[in-house]
Amino acid sequence: MNSEEIRERFIKFFEAKGHVRLPSAPLVLKDDPSVLFTSAGMQPLVPYFNGVKQPPAKRLVTIQKVFRATDIEEVGKDGYHQTFFEMLGNFGIGDYWKKEAIDWGWELLTKQFGFDPATLVATVYFDDDEAFDIWTKELALLPNDRMFRLGNLALGDDTNFWSPGPIGLCGPCSEVFVDRGPQPGVAPHRCDPSENCGRYLEIWNFVFQQYDRKADGSLTPLKMKNIDTGVGLERLAQVLQGVAGDAYRTDLFQPLMKKIESLSGKKYGQAKDVDLSMRIVAEHSRAATFFIADGIAPSNEWRGYVLRRLIRRAALHGRTSA
Ligand code: SER
């Protein structure tokens, strides 16, 4: 399934469940100058989530372009870290809750995208019995031994607890991973989905926005609860196109990789250092293009500096190995 078919299937599925499609917001949010870049599908929707603005509908579906600066140095080292990606998401604003969100996500994954349920595992926040029971009993989608309870804020572990920032909307989350089986050199019992052992590939994140976090860390239950889900298009495409673990082999990156191969006269997949450089050139030039299209120019500070770093890093790797 090519990436355009994946996008359309996602949108149509949720439209059929009463969601209204909104276009992607820009990478820089006009209404929120505190945010460096749009880094999640829910970010442009925050005013709806916290009741400041009336949403156009209680159920929304988007494909949001996002950028995560924290991962810049990781790009290239493997096939799946990226700074820029497309986030598919369905959102319920004071509307449906955990059961529907999980039920629909699972239906789309297994019935429409054809994922084999036997290859999937799910995580929940350590004390979220409600979500655990939905997975294992109410909807009976997964057996207990393919469920993981992770995280514990009190112990400083925020796994399976999601928030866009240190204060404001947040809540426990539940994630679906493809289990690619034990990986060479990693004992199975040493690896759970929160570890970077290559066994589990995250594909879906269901966030249950149910708290407002204050500066002192206290959590106040929200009056209006919201569903915020996110599915990385590049991750989904990897699995559906049979190249799990390597976004650069999906149709989203192949035209760029082919161009880099023809410019450099080298082939992807033959030498580690060349692969690293090719990935960096492809990923960063793609991200930089979207930055520039959204009106960001290279400069010495703030957003422009990030763009400059991307271009510099890509140029450096273009000259050295690629
Ligand atoms: N906001 C969550 C994320 O970015 C789910 O959409 O993963």
Side-chain angles (χ1 to χ4, degrees), residues 6-7 10-11 13-14 17 19 21-22 24-25 27 29 32 35-50 55 58-71 74 80-98 100-102 104-106 108-109 122-125 128 131 148 150-151 153 158-178 193-194 196 200-213 222 224-238 247 287:
I6 300 173
R7 290 188 190 96
F10 186 90
I11 294 283
F13 178 85
F14 283 105
K17 306 269 186 215
H19 293 64
R21 175 184 195 158
L22 294 185
S24 174
L27 281 172
L29 293 174
D32 195 345
V35 171
L36 191 55
F37 299 107
T38 309
S39 64
M42 58 80 73
Q43 241 159 10
L45 311 177
V46 167
Y48 304 146
F49 278 9
N50 58 26
K58 285 186 162 186
R59 297 181 180 186
L60 300 172
V61 58
T62 64
I63 302 174
Q64 177 63 46
K65 43 190 169 175
V66 299
F67 182 82
R68 294 189 176 170
T70 44
D71 280 345
E74 296 307 310
Y80 53 88
H81 272 96
Q82 292 166 226
T83 58
F84 174 87
F85 50 95
E86 289 177 63
M87 189 82 111
L88 311 172
N90 60 290
F91 307 93
I93 303 167
D95 192 53
Y96 57 89
W97 193 229
K98 299 182 185 181
E100 293 86 349
I102 292 172
W104 294 339
W106 187 263
L108 180 55
L109 281 178
T123 63
V124 294
Y125 187 58
D128 191 350
F148 295 83
L150 300 174
L153 287 182
D158 66 358
T159 309
N160 278 100
F161 198 92
W162 202 90
S163 54
I167 55 167
L169 295 165
C170 58
C173 65
S174 178
E175 295 180 301
V176 179
F177 291 77
V178 174
S194 67
N196 224 348
Y200 300 100
L201 190 72
E202 182 198 327
I203 40 173
W204 203 302
N205 189 10
F206 301 95
V207 183
F208 313 122
Q209 303 277 4
Q210 61 190 71
Y211 299 115
D212 178 29
R213 183 158 41 195
L222 293 173
M224 188 174 78
K225 292 179 178 166
N226 308 297
I227 289 291
D228 155 27
T229 86
V231 187
L233 174 66
E234 290 76 4
R235 292 280 172 89
L236 209 49
Q238 285 170 47

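Throughout, numbering of the chain's residues begins at 1 and tracks the sequence. As the structure lists them, so they are numbered: ligands from 1, and atoms in each ligand from 1.
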- Query: Within a strict 4.5 Å, meaning less than it, do heavy atoms of the P55 and L45 side chains meet?
  - Reply: no

- Message: Can you name the atoms of ligand 1, numbered from 1 with element, that are less than 4.0 Å from a heavy atom of M42?
- Response: 1 (N)

- Message: Can you tell me how far apart CE (M224) and CG (D95) are? Round to the nearest 0.5 Å.
- Response: 10.0 Å

- Message: Among all the protein's non-hydrogen atoms, which is closest to atom 7 (O) of ligand 1, and how far away is it?
- Response: N205 ND2, 3.1 Å

- Which part of V66 is near ligand 1, with near meaning a heavy atom under 4.0 Å away: side chain, backbone, both or neither? neither

- R68 versus F37: any side-chain heavy-atom pair under 4.5 Å? no

- Message: Using ring centroids (six-membered ring only for Trp), state whether F10 and H19 fall under 6.0 Å.
- Response: no

- Could you tell me whether F206 approaches ligand 1 through its side chain, its backbone, both or neither, with non-hydrogen atoms closer than 4.0 Å? neither

- Query: How many angstroms lie between CG in L169 and CE in M42, if you round to the nearest 0.5 Å?
  - Reply: 5.0 Å

- Value for CD (Q64) from CG (L88), rounded to nearest 0.5 Å, stands at 11.0 Å

- Query: Of all the atoms in ligand 1, which lie at a distance below 4.0 Å from a heavy atom belonging to G230?
  - Reply: 5 (C), 6 (O)

- Which part of R68 is near ligand 1, with near meaning a heavy atom under 4.0 Å away: side chain, backbone, both or neither? side chain

- Pick from D228, L169, L45, L88: the one approaching atom 1 (N) of ligand 1 most closely through a non-hydrogen atom: D228

- Rounded to the nearest 0.5 Å, how far apart are OG1 of T229 and CZ of F206? 6.5 Å

- T229 heavy atoms, cut-off 4.0 Å: which ligand 1 atoms fall inside? 5 (C), 6 (O)

- Query: Atoms of ligand 1 less than 4.0 Å from V207 heavy atoms?
  - Reply: 2 (C), 5 (C)

- Test item, M87 contacting ligand 1 (heavy atom, 4.0 angstrom): yes

